[in-house]
*Asks:* 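What follows is a single structure, and I will ask about it in a moment.
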Amino acid sequence: MKRFIEGEDRSQFTLLPECLDDFIGEDNPVRVVDIFVDEIDLQSLGFSGVDPAATGRPAYHPAVLLKLYIYGYLNRIQSSRRLEREAQRNVELMWLTGRLAPDFKTIADFRRNNGPGIRNVCKRFVAMCRQLRIFSQAIVAIDGSKFKAVNSRDRNVTPNKIDRRQEQIEQSIQRYLDALETADRTQPVEAEAKTDRPQEKIGTLREQMRQLNGIKEQLKTVPDGQISLTDPDARSMISQAKGSGLVGYNVQTAVDAEHHLIVAHEVTNIGNDRTQLSKMARVAGEAIGHQSLQAFADRGYFNGLEIKACEDAGIAVFVPKPMTSNAKAEGRFDKTDFIYIAQDDEYQCPAGERAIHRFTTVEKGLGLHIYWPSACPQCPIKQQCTTSSYRRIRRWEHEEVLEQVQQRLDRKPDAMTLRRRTVEHVFGTLKHWMGSTHFLTRTLEHVSTEMSLHVLAYNLKRLISMLGIAGTMKAIRLAGA
């Protein structure tokens, strides 16, 4: 072939063997993975098999399998079977593992049996970034997102789903019974041949009905009223982004606002974010090593007890209050139209009257002070205020904490924009890497391990983009991982 670049003859022998290192450039990210794992004390992080057994077949060193997994998650190869194939044909992996090619069972067992160690490696990377003084700003954005589990919606059952399914089965049984009756009446000679299959169908449906009754009894002992048959820890959750639900996990993350590194994360099977704020904020503060922290979150995290816990810990939170009252939507005054006068412990209503403290009560574990003015029955603007005899105002005993948060938000109008541009693209990137299936493992423990590998890969890519390959390798050596 003239005027084309030609390849080498496949049967051509080479006189001098080529060095495997020649195929890996100095700017290849695989060198970062190699140095990072070599600098880690795997035994102190909780990995098993660091000290080989004196007898039996030699095992793979945990460092080899950890390098394999980090490389896989960096390159969107999460499956143990795919990693097995790549180790046999991928030159980068041959260089990284020294031409070792573990089978898929060995690879999968390593991830399953070393969950705590893998999660500690993810934390160790964040600690290394802290040593390098990358977290110069004490600002994080906290958010949660739903990730699909290895459990379809049909394999997640609730009492309502069972009732609907049983109703469908009863209708199907009745159709088959009607068909049998019609066959007996219209074609008595051929009825026996035509009724065998419907009778089998009826038997199968009745067996399904008995199984559903058994599951229904199990649901009575489950606190949240649902059972997932494939992944027992997965839960059905509402996904606002799609307008529909999915069976999966709620992944919480705290992201550094300056460099968009994930400083803390946790996998939960709780479908809402209401009780996650203080825990994630404290973990994030410990991770970046700042005494004073600013935490930004959306209105789904608004919870008086959680906000107070953050304020008590010295964490300044920015969380907007959700609109839960229908008064404003119906054209009436809401609580924000009433001015609290702290020195008198009274509220001033829009008509200029004073709502005085009447009594204190406890609702849902919160101590509430109740106020109302005496002039409500004769008030000329009562129709704009309440449909009851008196307009009652409830004030939490620690309401001043929530007022401080609102004042802080008023002074920083771009707070939610900062939150959105910091944390939301992280979830989009992770889900893009994961593909349509998201998680590949089952149960909360193993899913947490898998998520730690995703977070480690994400953070490693972010650090490489910030410092470059050479700079990252130098920083890892400097910090000693």
Side-chain angles (χ1 to χ4, degrees), residues 137-145 240 250 252-258 263-264 266 270 272-288 290-329 333-348 355 357 360 362-371 393-424:
Q137 297 181 2
I139 301 175
V140 298
I142 298 172
D143 201 2
S145 185
Q240 295 181 352
N250 184 6
Q252 299 288 319
T253 62
V255 182
D256 167 51
E258 184 178 5
V263 299
E266 184 179 7
I270 301 172
N272 61 74
D273 303 327
R274 199 165 296 278
T275 60
Q276 305 295 326
L277 179 62
S278 62
K279 177 171 59 177
M280 291 303 301
R282 281 197 294 265
V283 173
E286 294 171 2
I288 66 177
H290 279 277
Q291 297 296 328
S292 58
L293 180 73
Q294 293 183 359
F296 294 75
D298 61 23
R299 64 185 71 250
Y301 287 86
F302 192 91
N303 181 308
L305 294 175
E306 291 290 310
I307 292 174
K308 185 177 185 305
C310 290
E311 296 291 330
D312 291 344
I315 301 171
V317 296
F318 295 79
V319 185
K321 185 177 181 180
M323 301 299 294
T324 56
S325 174
N326 293 327
K328 206 73 172 178
F333 300 122
D334 67 357
K335 187 178 176 180
T336 58
D337 296 312
F338 292 75
I339 302 171
Y340 180 68
I341 303 172
Q343 58 187 10
D344 300 328
D345 190 23
E346 295 177 353
Y347 276 92
Q348 180 176 313
H357 178 258
T360 300
V362 177
E363 295 181 8
K364 298 181 180 179
L366 301 178
L368 300 178
H369 302 301
I370 311 300
Y371 305 77
I393 305 167
R394 288 172 168 78
R395 180 180 177 84
W396 183 38
E397 58 185 344
H398 302 294
E399 189 82 17
E400 65 277 1
V401 174
L402 305 183
E403 292 172 349
Q404 291 173 7
V405 172
Q406 186 58 50
Q407 292 169 6
R408 196 179 296 140
L409 272 171
D410 293 339
R411 292 194 299 267
K412 195 174 183 63
D414 63 336
M416 291 303 101
T417 302
L418 186 148
R419 180 207 68 83
R420 191 162 52 248
R421 73 185 181 211
T422 299
V423 72
E424 290 190 354

*Asks:* Find the distance between CG (Leu293) and CD1 (Ile315) and round it off to the nearest 0.5 Å.
*Replies:* 5.5 Å

*Asks:* Could you tabulate the donor-acceptor pairs under 3.5 Å formed by side-chain atoms of residues 278-286, not counting sequence neighbours?
*Replies:*
residue	atom	partner	partner atom	Å
Ser278	OG	Glu306	OE1	2.7
Lys279	NZ	Glu266	OE1	3.3
Lys279	NZ	Gln276	OE1	3.4

*Asks:* Would you indicate whether the side-chain heavy atoms of Phe296 and Thr422 approach each other to under 4.5 Å?
*Replies:* no

*Asks:* Could you pull out the closest heavy-atom pair between Ile142 and Ala254, with the gap in Å?
*Replies:*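 For Ile142 and Ala254, the tightest heavy-atom pair comes out as CG1-CB, 4.0 Å.
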
*Asks:* Could you give me the CA-CA distance, side-chain angles and deciding distance for Asn250 and Asn272, then say whether side-chain contact (heavy atoms from CB on, under 4.5 Å) is met?
*Replies:* CA-CA 8 Å; Asn250 184 6; Asn272 61 74; 5.9 Å; no

*Asks:* If I take atom CZ from residue Phe318 and atom CG from residue Asp298, how far apart are they, to the nearest 0.5 angstrom?
*Replies:* 15.0 Å

*Asks:* Who are the ring pair (Phe, Tyr, Trp, His ring centres under 6.0 Å) partners of Phe302, not counting sequence neighbours?
*Replies:* none

*Asks:* Ignoring hydrogens, what is the shortest heavy-atom contact between Trp396 and Leu402? Give both atom names and the distance.
*Replies:*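 For Trp396 and Leu402, the tightest heavy-atom pair comes out as CE3-CD1, 4.0 Å.
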
*Asks:* Between the side chains of Lys308 and Glu397, is the shortest nitrogen-to-carboxylate-oxygen separation below 4.0 Å, so that they form an ion pair?
*Replies:*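 No, this pair does not count.
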
*Asks:* List the steps and the verdict of side-chain contact (heavy atoms from CB on, under 4.5 Å) for Arg394 and Ile370.
*Replies:* CA-CA 5 Å; Arg394 288 172 168 78; Ile370 311 300; 3.4 Å; yes

*Asks:* Are the side chain of Asp344 and the backbone N or O of Glu346 linked by a donor-acceptor pair below 3.5 Å?
*Replies:*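 Pair absent, no side-chain N/O of Asp344 close to backbone of Glu346.
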
*Asks:* Who passes salt bridge (Lys or Arg N to Asp or Glu O under 4.0 Å) against Arg408, sequence neighbours left out?
*Replies:* Glu311

*Asks:* When rounded to the nearest 0.5 angstrom, what is the spacing between NZ in Lys335 and CZ in Arg395?
*Replies:* 7.0 Å

*Asks:* Please step through side-chain hydrogen bond (donor to acceptor under 3.5 Å, both in side chains) for the pair Gln252 and Asp273, ending with a clear verdict.
*Replies:* CA-CA 8 Å; Gln252 299 288 319; Asp273 303 327; 2.7 Å; yes

*Asks:* Give a yes or no on whether the backbone of Lys321 and the side-chain of Arg299 come within a donor-acceptor separation of less than 3.5 Å.
*Replies:*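 Present.
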
*Asks:* Between Asn303 and Thr275 (side chain of the first, backbone of the second, donor and acceptor by atom type, cut-off under 3.5 Å), is there such a pair?
*Replies:*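 No, because the side chain of Asn303 does not come within donor-acceptor range (under 3.5 Å) of the backbone of Thr275.
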
*Asks:* Can you give me the closest heavy-atom contact between Cys310 and Leu277, atom names plus distance?
*Replies:* SG-CG, 3.9 Å

*Asks:* With rounding to the nearest 0.5 angstrom, report the CZ to CD distance, Arg411 to Gln406.
*Replies:* 10.5 Å

*Asks:* To the nearest 0.5 Å, how far apart are CD1 in Ile393 and CZ in Phe338?
*Replies:* 4.5 Å

*Asks:* Hey, does Ile288 have a side-chain heavy atom less than 4.5 Å from the side chain of Asp256?
*Replies:* no

*Asks:* Which distance, rounded to the nearest 0.5 Å, do you find between the CZ of Arg419 and the CG of Asp143?
*Replies:* 5.0 Å

*Asks:* For a quick test of reading the model, state the closest non-hydrogen atom pair linking Val423 to Thr253 and the distance between them.
*Replies:* CG2-OG1, 3.8 Å

*Asks:* Indicate the ring-plane relationship of Tyr340 and Tyr371, choosing parallel, tilted or perpendicular according to the 30° and 60° boundaries.
*Replies:*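 Ring orientation of Tyr340 relative to Tyr371: perpendicular.
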
